[in-house]
Amino acid sequence: MMPMVRFENVTKRFGATVVLDAFDFEAARGEKVVLIGPSGSGKSTLLRMLMTLERIDAGMVMIDGEALWYVRDGADVEPVTQAHLHHMRAKVGMVFQHFNLFPHMTALQNVANAPRHVLGKPKAEAEALAEMLLRKVGLGDKLSSYPARLSGGQQQRVAIARAMAMEPKVMLFDEVTSALDPELVGEVLDVMRALSVERDLTMLIVTHQMGVARALADRVCFFEKGAIVEQGPPEQVIDDPVHARTQSFLRAVRLT
Amino acid sequence: MEFSFDLLWEILPQLLRATVVTIEATLAGFAISLIVGLVMVSGMRARQRWLRFLSRFAMEFLRATPLLVQVYFLFFVLPGFGITLSPFLTGVTALGLHYGAYAAEAYRAGLESVPRGQWEAAVSLNYSRLAAYRHIVLPQALPPIVPSLGNIAISMLKDTPILAAVTVTELMFVANEIGSERFQYTEPVTAAALIYLVLSLAAAPLINFIDRRLRPEETRA
Ligand SMILES: Nc1ncnc2c1ncn2[C@@H]1O[C@H](COP(=O)(O)OP(=O)(O)OP(=O)(O)O)[C@@H](O)[C@H]1O
Ligand SMILES: [Mg+2]
């Protein structure tokens, strides 16, 4: 079967810093992949490239069988039309470490705004969808609350509902529980676990919390210096890593 | 010297008619400056380098040269290019251009106060650039700049006497005319000063009201 996400020989640089060099990666449709690895290894950059928040310098990124950017090896990035970008972004949703909710909108408006003004749904339909999703994430009683009045865990659940309202095929989670107090991690993790049973939804999850990795991953990838050093099911990579670098990383993580 | 309340009473209708012109010029100039500012700030944020450069240059130029010079330029130089505007139109256009440069600066500050994460959220939800501005960025960028725009309006009010230079019959022009006709400047000029004061003071609560209306509920005091 065609992979849902595919990186082929991708290079990404920031000035002199090479983040990814001839990077290859695949995620199957519906697969839940957790990326772990030291700070600065390029995990966020990988997700941000899929969301078109960063461009690539060479290689090819495919989502659902379509090229995200058109890049010829060694040549410049070919101009990508806005229409193509919008077409590709429709397949992908992202949840951020710091939520990035719209502070001037209530929880309901946060979720309903894009269905309404991006997808063009009628107001009533968009709000019904938003209400349904907010109930699903356990926030049925917070529809008219502004983000500033919500806890971190509640804000992150609104952010997940907001992304899901656009019906993406791929969901990207970049350390979505890292900014939360420990007692709030569970409520967000529960929501992500509920999402992970959706068989067609592909999830790429970056985290430093091994509990999150264990709970969600079909496959864990240990990432270092822009390359995957070791990967496999969580029981293997987290509990019984083969590679020395994975072992020392996990020891360091456990100490924190 | 004696202050004549009789004279004051006699010239008041004339001064009030001129006050209407002053208010009209301020409002029209302010409306133009809001639009000019928007055009300039769009230019400064455009993808094209030359457009960014041009907008930046126009803004610096308009702020670095005196309003009086700009008024004269529009009034005496433009007709040479076949464009002739009435004194009033000349005046409000100059006010709008001059203060538009300040409005652009205020807009820019407001737009830059919106965190990057808001743009990234908009991209992740597939908003177009225009829809992102309209629904996400502007509603956050505008409320904090209402006070700056209010200051622009008040400065503009106080600069309307410059339009007298091209014979716009605003308050100072008329006060001056009365003074020179009757060799009696104290009453008309004092009255004019008081009228400007009242207008400026009246503007403050108005700006406050708009400010409070625009502020999102959760940040209201
Ligand atoms: N906008 C940028 N400009 C310059 N360098 C950048 C930029 N974004 C990322 N980098 C660099 O790219 C490398 C990879 O960064 P990235 O954020 O992807 O790492 P990460 O694995 O997500 O780390 P962390 O666990 O700390 O979030 C780092 O060396 C970082 O300094
Ligand atoms: Mg990161």
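The structure displayed is predicted, hence computed values, not measured ones.
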Check your understanding: Counting a contact as any heavy-atom pair under 4.5 Å apart, which residues of residues 98-121 of chain B contact chain A?
Key -> B/Arg116, B/Gly117, B/Gln118, B/Glu120, B/Ala121
Practice item. Among A/His117, A/Met88, A/Arg162, single out the residue with the greatest number of heavy-atom pairs under 4.5 Å to chain B. Key: A/His117
Review point. Taking atom CD of A/Glu26 as the centre, does the number of heavy atoms from other residues, nucleotides or ligands within less than 6.0 Å exceed 12?
Key: yes
Exercise for review: List in chain and number order the residues that pass ring pair (Phe, Tyr, Trp, His ring centres under 6.0 Å) with A/His98, two or more places apart in sequence or in another chain; answer none if no residue qualifies.
Suggested key: none
Point to revise | Set of residues satisfying ring pair (Phe, Tyr, Trp, His ring centres under 6.0 Å) with respect to B/Tyr127, sequence neighbours excluded | key: none
Check your understanding: Quick one: what part of A/Phe102 sits under 4.5 Å from any heavy atom of chain B, side chain, backbone, both or neither?
Key -> both
Point to revise | Any B/Val174 side-chain heavy atom under 4.5 Å of B/Val21 side chain | key: no
Check your understanding: Ignoring hydrogens and geometry, is there a side-chain-to-backbone donor-acceptor pair from A/Thr207 to A/Val212 under 3.5 Å?
Key -> no
Check your understanding: Are any side-chain N or O atoms of A/Glu125 and backbone N or O atoms of A/Pro122, one a donor and one an acceptor, separated by less than 3.5 Å?
Key -> no
Exercise for review: Could you walk me through whether A/Asp64 and A/Arg29 pass salt bridge (Lys or Arg N to Asp or Glu O under 4.0 Å), step by step?
Suggested key: CA-CA 8 Å; A/Asp64 202 14; A/Arg29 182 182 303 270; 3.0 Å; yes
Review point. Under 4.5 Å, heavy atom to heavy atom, which residues of residues 50-85 of chain B contact chain A?
Key: none
Review point. Relative to the ring of A/Phe23, is the ring of A/Phe25 parallel (under 30°), tilted (30 to 60°) or perpendicular (over 60°)?
Key: parallel
Check your understanding: So which of A/Asn113, A/Leu85, A/Thr106 has the biggest tally of heavy-atom pairs under 4.5 Å with chain B?
Key -> A/Asn113
Check your understanding: When rounded to the nearest 0.5 angstrom, what is the spacing between OG1 in B/Thr160 and CE in B/Met172?
Key -> 10.0 Å
Point to revise | Residue A/Lys121 excluded, over 12 heavy atoms near NZ under 6.0 Å | key: yes
Exercise for review: Would you check if B/Arg45 and B/Tyr133 make a side-chain contact, meaning some heavy-atom pair closer than 4.5 Å?
Suggested key: yes
Review point. Is it the side chain or the backbone of A/Leu101 that comes within 4.5 Å of chain B heavy atoms, both, or neither?
Key: backbone
Point to revise | Best-contacting candidate, A/Gln82, A/Met51, A/Met94, against chain B by heavy atom pairs under 4.5 angstrom | key: A/Met51
**Study point:** Within-4.5 Å side-chain heavy-atom neighbours: A/Leu189 and A/Leu216
**Key:** yes
